[in-house]
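Order of appearance sets the numbers: ligands from 1, and atoms from 1 within every ligand. Keep in mind that the numbers below use all heavy atoms, side chains included, and drop hydrogens, waters and symmetry copies.
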Amino acid sequence: MSKVTVFDHPLIQHKLAILRDERTGTKEFRELISEIAMLMCFEATRDLPLKSVEIKTPMAPMTAKKIAGRKLAFVPILRAGCGMLDAMLTMVPSAKVGHIGLYRDEVTHKPVEYYNKLPGDINERDVFVLDPMLATGGSAVDAIEIIKRSKPRSIKFLCIIAAPEGIEVLTKAHPDVDIFCAAKDECLNENCYILPGLGDAGDRIYGTK
Ligand code: PRP
Ligand code: URA
């Protein structure tokens, strides 16, 4: 069964409060999404295996630790997931990047696929799917289905705000995928927006409202 981790770190919670605030403008919103993603990446990669390496500091030889050759891939769900990407790449510059384009139909709230480009060697990689919002769960479920066709080593889902409904749908559809979020909110409204949430993540990142 999926493990669901809600990050309660004070720095993440503080930044999330500013992110949610309706008075926060596009520039600051983008910066905060990035900063929260960077802190989440730090925790979500905690289980990467290490190997011992022999190095010399200017003072003495020593046995140090490096990541044991695990290859990662980051897959943002367009558009809003791209807001988390640069921060993840800052932490893990060697990761490859795939993109999955999905938008929610305004009437049915079901995801519609419009783009899909994944690294050719994704079958050798541990994948982190990025999307700030897990609402009904439809977009995450479809994106992960698309990625699974290429048989990656593992998949984790990183979002900033998750609705209980989305967590339930995603864990049922993909029980092998662990979920990391900064907050588990109360519910969805009649338009399938998260309450209290932060509004439309894509519009707030790109200033399109
Ligand atoms: C938002 C969000 C997720 C999706 C979540 O994207 O970034 O991808 O909705 O909703 P769900 O869990 O109910 O599927 P949206 O479809 O608004 O597209 P955008 O990122 O291009 O704005
Ligand atoms: N997508 C968003 O951007 N926000 C929500 O609350 C739900 C879906």
Side-chain angles (χ1 to χ4, degrees), residues 2 4 6 15-34 36-37 40-41 74-88 97-118 127-148 155-175 177-209:
S2 318
V4 180
V6 183
K15 289 176 190 296
L16 185 56
I18 307 170
L19 186 78
R20 288 180 188 273
D21 194 320
E22 64 179 2
R23 294 168 300 183
T24 300
T26 302
K27 175 177 178 286
E28 197 181 2
F29 190 90
R30 245 194 326 261
E31 288 166 358
L32 286 161
I33 287 268
S34 233
I36 293 170
M40 290 178 70
C41 177
F74 299 142
V75 181
I77 302 178
L78 305 178
R79 293 174 298 169
C82 288
M84 300 169 72
L85 179 63
D86 280 355
M88 300 289 292
V97 179
H99 294 87
I100 292 185
L102 296 172
Y103 70 87
R104 283 200 328 177
D105 181 276
E106 280 182 12
V107 178
T108 65
H109 308 301
K110 300 269 183 246
V112 180
E113 184 183 346
Y114 62 89
Y115 188 75
N116 163 6
K117 183 85 181 169
L118 298 172
V127 174
F128 290 69
V129 181
L130 313 176
D131 194 329
M133 308 304 277
L134 178 65
T136 65
S139 304
V141 167
D142 281 13
I144 291 168
E145 258 163 40
I146 293 165
I147 296 166
K148 277 188 174 174
I155 302 180
K156 289 177 177 167
F157 184 78
L158 265 66
C159 62
I160 293 184
I161 300 185
E165 294 89 333
I167 291 178
E168 193 181 336
V169 166
L170 181 52
T171 52
K172 268 205 186 116
H174 298 294
V177 173
D178 289 341
I179 300 172
F180 298 85
C181 62
K184 182 174 169 184
D185 271 12
E186 284 163 25
C187 59
L188 299 177
N189 73 4
E190 63 283 3
N191 294 319
C192 294
Y193 272 79
I194 300 175
L195 292 178
L198 51 70
D200 189 300
D203 283 343
R204 293 195 69 183
I205 291 172
Y206 297 111
T208 42
K209 198 89 188 180

Checklist outcome for this item: ligand 2 to Ala201, heavy atom cutoff 4.0 Å, flagged ligand atoms 2 (C), 3 (O)
Checklist entry - Can Gly137 be said to touch ligand 1, with heavy atoms closer than 4.0 Å? => result yes
Checklist entry - For atom 21 (O) of ligand 1, what is the nearest protein heavy atom, given as residue, atom name and distance? => result Arg79 NE, 3.0 Å
Next on the checklist: Once you restrict to heavy atoms under 4.0 Å, what part of Ala135 touches ligand 2? Side chain, backbone, both or neither.
Outcome noted: side chain
Next on the checklist: With heavy-atom distances below 4.0 Å as the criterion, list the atoms of ligand 2 near Cys192.
Outcome noted: 7 (C)
Next on the checklist: How far is atom 5 (C) of ligand 2 from the closest protein heavy atom, and which atom is that?
Outcome noted: Tyr193 CD2, 3.3 Å
Item to check | Minimum-distance protein heavy atom relative to atom 17 (O) of ligand 1 | outcome: Asp200 OD2, 4.1 Å
Checklist entry - Where is the nearest protein heavy atom to atom 4 (N) of ligand 2: which residue, which atom, and how far? => result Gly199 O, 2.8 Å
Checklist entry - Does any N or O atom in Tyr114 lie less than 3.5 angstrom from one in ligand 1, N or O only? => result no
Next on the checklist: Check contact between Arg104 and ligand 2, using heavy atoms of the residue and a distance below 4.0 angstrom.
Outcome noted: yes
Next on the checklist: Please find the pair of heavy atoms, one from Arg104 and one from His109, that lie closest to each other, and give the distance.
Outcome noted: CD-O, 3.8 Å
Next on the checklist: Pairs of nitrogen or oxygen atoms closer than 3.5 Å, one from Ala80 and one from ligand 1: do any exist?
Outcome noted: yes
